[in-house]
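Here is the structure we will look at.
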Amino acid sequence: MSEETIDNSKEAAHRILQAFDALAKAHGLTYWIDYGTLLGAARHKGFIPWDDDLDFFMPRKDYEKLAELWPRYADERYFLSKSNKDFV
């Protein structure tokens with residue numbers, strides 16, 4: 001993968017993170033980043049060079065609210081990939 005492709009990927013991830021954050025703030029949703037996204041923010045002051053996804057977590061009630069809000073308020077360029085897993 002070329003360095004230009006990696007830079008474009010990281011720029012796209014940053015735009016997605018900003019859009020998600022704006023939607024969450026506008027509707028009072030609690031979320032946090034974790035795994036590689038958190039490690040990249042803390043250790044690399046951005047993204048881990050080889051990480052190609054964003055890891056968001058939220059309480060179940062906020063997640064369910066997000067699923068309801070997404071079709072009406074989310075940027076049409078993005079889709080919500082929903083997990084059916086219940087974590088305790």
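All values derive from a computational prediction rather than experimental measurement.
Taking all atoms of both residues into account, the shortest heavy-atom contact from L29 to M58 is CB-CE, 4.1 Å. Looking at every heavy atom in both residues, H27 comes nearest to K65 through O-NZ, 3.0 Å. K10 and I48 get closest at one heavy-atom pair: NZ-O, 3.2 Å. Here the closest non-hydrogen pair linking A13 and L54 is O-CD1, 3.6 Å.
Cluster membership for W32 and L39, using ILVMFWY side-chain heavy atoms within less than 4.5 angstrom, is not shared.
Considering NZ of K25 and OH of Y31, their distance stands at 6.5 Å, rounded to 0.5 Å. Residue T30 holds its OG1 atom at 5.5 Å from NZ of K61, rounded to the nearest 0.5 Å. Atom-to-atom distance recorded for W70:CH2 and L23:CG is 6.5 Å, nearest 0.5 angstrom.
The six-membered or imidazole ring of Y78 lies away from that of F20, with a centre-to-centre distance of 6.0 Å or more.
Few gaps surround NE2 on H44; more than 12 heavy atoms of other groups in view lie less than 6.0 Å from it.
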- Output, in order, the C-alpha distance, side-chain angles, deciding distance and verdict of side-chain contact (heavy atoms from CB on, under 4.5 Å) for T37 and F56. CA-CA 8 Å; T37 305; F56 298 106; 6.0 Å; no

